[in-house]
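Counting begins at 1 with the first residue of the sequence. Atoms considered below: every heavy atom in the structure, side chains included; atoms not considered: hydrogens, waters and symmetry mates.
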Amino acid sequence: MSYVFRDVSVVFALAAAAVYCNSWLFWPIYWFAQGTMFWAVFVLGHDCGHGSFSDNAILNSVVGHILHSSILVPYHGWRISHRTHHQNHGNVEKDESWVPLPENIYKKLDTSTRLLRFTVPFPLFAFPVYLWYRSPGKDGSHFNPYSNLFSPQERELVMISTACWSTMAIILAYVSFTVGPSHMFKLYGIPYLIFVIWLDLVTYLHHHGHEQKLPWYRGKEWSYLRGGLTTVDRDYGLFNNIHHDIGTHVIHHLFPQIPHYHLVEATKAAKPVIGKFYREPKKSGAVPFHLIKNLITSLAQDHYVSHSGDIVFYQTDLNLFQLLSLAKHE
């Protein structure tokens with residue numbers, strides 16, 4: 001709870017400072033700082049979703065709903081799909097987060113979808129679309145209790161989360177009407193977009209962009225351990241503490257019940273056991289600019305995997321670069 005109080009206090013302090021200053025010299029600083037804090041708040045809600053925030057399920061649900069609804073994330077809808085991701089990490093057919101497209105599905109995508117999916121910065125704004133429509137080749141919505149994401153027993157939980165999300169949306173609409181939409185966009189809208197960029201950047205780099213190609217599995221070749229060991233740790237410099245060491249991700253996938261404040265300690269203990277299968281993250285300066293190269297390189301190379309085979313690696317669509325070149329000239 002102390003982390004919740006810390007993050008929420010910073011969020012309100014930043015908003016108060018922005019309203020007080022109301023200066024174009026301060027607004028860009030506020031947008032980046034507040035968007036980063038929204039991302040930190042999401043990570044705490046993420047711990048609630050894993051049950052690592054508290055041993056009390058009710059407290060996890062209450063805190064998770066408050067934190068996630070405040071940044072327009074449907075808590076149970078997301079929690080359940082994220083659980084599916086953790087139970088099937090590294091599985092081409094069953095994973096849920098940034099899952100690779102099999103070649104036969106990839107080739108059915110229209111040109112604009114391919115360009116949007118693999119051209120920076122468009123993938124960094126994918127999260128809201130994913131919440132509503134999931135990924136290509138998958139049906140369902142995180143807001144619809146009858147989506148195939150959820151079992152019949154989970155429908156009531158999803159309805160509660162969708163109602164909380166809707167309440168927050170109504171509050172934002174009312175405040176926009178009161179203070180003006182442009183002011184609300186500056187106070188909340190742009191930080192929300194920065195938060196989405198953080199979320200998509202970090203979650204993508206958890207499973208992509210390593211210097212060596214990482215395998216994805218199907219069928220008998222997949223196991224929980226093998227899938228978890230395809231996860232990549234990242235160093236985010238001064239942001240490690242701000243966003244609760246979420247870049248320390250391998251141990252989180254192997255043992256998601258570990259709270260964020262023990263991830264670094266647990267990783268140090270586990271590294272001798274994991275041995276050569278642990279990939280040491282590249283050390284970052286204060287700001288992790290080095291990760292931009294990893295992102296751009298991966299999106300340029302990691303387009304699809306074979307639709308057959310039990311151990312597969314990303315392949316590159318060379319024709320996509322010609323499409324990009326034509327789009328730029330047009």
Do [X] and [Y] make the cut of ring centroids closer than 6.0 angstrom?
X      : Y      : answer
His206 : His85  : no
His89  : His207 : no
His142 : Trp132 : no
Trp198 : Phe239 : yes

Suppose we screen for ring pair (Phe, Tyr, Trp, His ring centres under 6.0 Å). Which residues come up paired with [X], at least two apart in sequence or across chains?
X      : result
Phe195 : Phe42, Tyr192
Tyr3   : His244, His260, Tyr261
His65  : Tyr75, His76

Within a 6.0 Å radius of atom [atom1] on [X], are there more than 12 heavy atoms belonging to other residues, nucleotides or ligands?
X      : atom1 : answer
Gln87  : CD    : yes
Phe313 : CZ    : yes
Met184 : CE    : yes
Asp55  : CG    : no

N/O donor-acceptor pairs under 3.5 Å from side chains in residues 286-302, not counting sequence neighbours:
from: Asn294; atom 1: ND2; to: Gly209; atom 2: O; distance (Å): 2.9
from: Asn294; atom 1: ND2; to: Glu211; atom 2: OE2; distance (Å): 3.4
from: Thr297; atom 1: OG1; to: Lys293; atom 2: O; distance (Å): 2.8
from: Ser298; atom 1: OG; to: Tyr204; atom 2: OH; distance (Å): 2.6
from: Ser298; atom 1: OG; to: Asp302; atom 2: OD2; distance (Å): 2.6
from: Asp302; atom 1: OD1; to: Lys213; atom 2: NZ; distance (Å): 2.8

Set out, in order, the CA-CA distance, both residues' side-chain angles and the distance that settles side chain to side chain contact (heavy atoms under 4.5 Å, CB included) for His243 and Thr36, then state yes or no.
CA-CA 8 Å; His243 68 191; Thr36 302; 5.8 Å; no

Which residue in the set [options] passes side-chain contact (heavy atoms from CB on, under 4.5 Å) when paired with [X]?
X      : options                        : result
His50  : Arg79, Gln257, His82, Arg83    : His82
Pro102 : Glu93, Lys107, His307          : His307
Asn240 : Asp245, Val264, Ile246, Thr248 : Asp245

Running the 4.5 Å side-chain criterion over Ile, Leu, Val, Met, Phe, Trp and Tyr, what cluster does [X] land in, apart from itself?
X      : answer
Ile58  : Val62, Ile66
Leu214 : Val232
Phe277 : Leu225, Leu229, Val250, Ile251, Leu254, Phe255, Ile258, Leu263, Ile274, Tyr278
Phe150 : Ile80, Leu149, Val158

For residues 25-34, which residue pairs pass the side chain to side chain donor-acceptor pair (under 3.5 Å) check, not counting sequence neighbours?
Asn22-Trp27, Tyr30-Gln34

So which pairs with a foot in residues 169-181 pass side chain to side chain donor-acceptor pair (under 3.5 Å), sequence neighbours left out?
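Every pair satisfying side chain to side chain donor-acceptor pair (under 3.5 Å) with a residue in residues 169-181: there are none.
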
Restricting to side-chain hydrogen bond (donor to acceptor under 3.5 Å, both in side chains), what partner residues turn up for Arg155, sequence neighbours left out?
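Here no residue qualifies.
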
Mind checking what makes side-chain hydrogen bond (donor to acceptor under 3.5 Å, both in side chains) contact with Lys138, not counting sequence neighbours?
none

Main-chain N/O of Leu318 paired with Thr316 side-chain donor or acceptor, under 3.5 Å
no

Is the side chain of Thr162 donor-acceptor paired with the backbone N or O of Phe143 at a distance under 3.5 Å, no angle test?
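Answer holds: yes.
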
Hey, what's the ring geometry for His253 with His86, parallel, tilted or perpendicular (30° and 60° as the breaks)?
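Parallel, since the angle between the ring planes stays under 30°.
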
Between Lys282 and Asp235, does any side-chain N to carboxylate O distance fall below 4.0 Å?
no

Taking the basic N atoms (NZ, or NE/NH1/NH2) and the acidic carboxylate oxygens, is any pair closer than 4.0 Å for Glu280 and Lys271?
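A salt bridge links Glu280 with Lys271.
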
Cation over ring, Lys94 on Trp222, under 6.0 Å and within 45°?
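So Lys94 doesn't make the cation-pi contact.
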
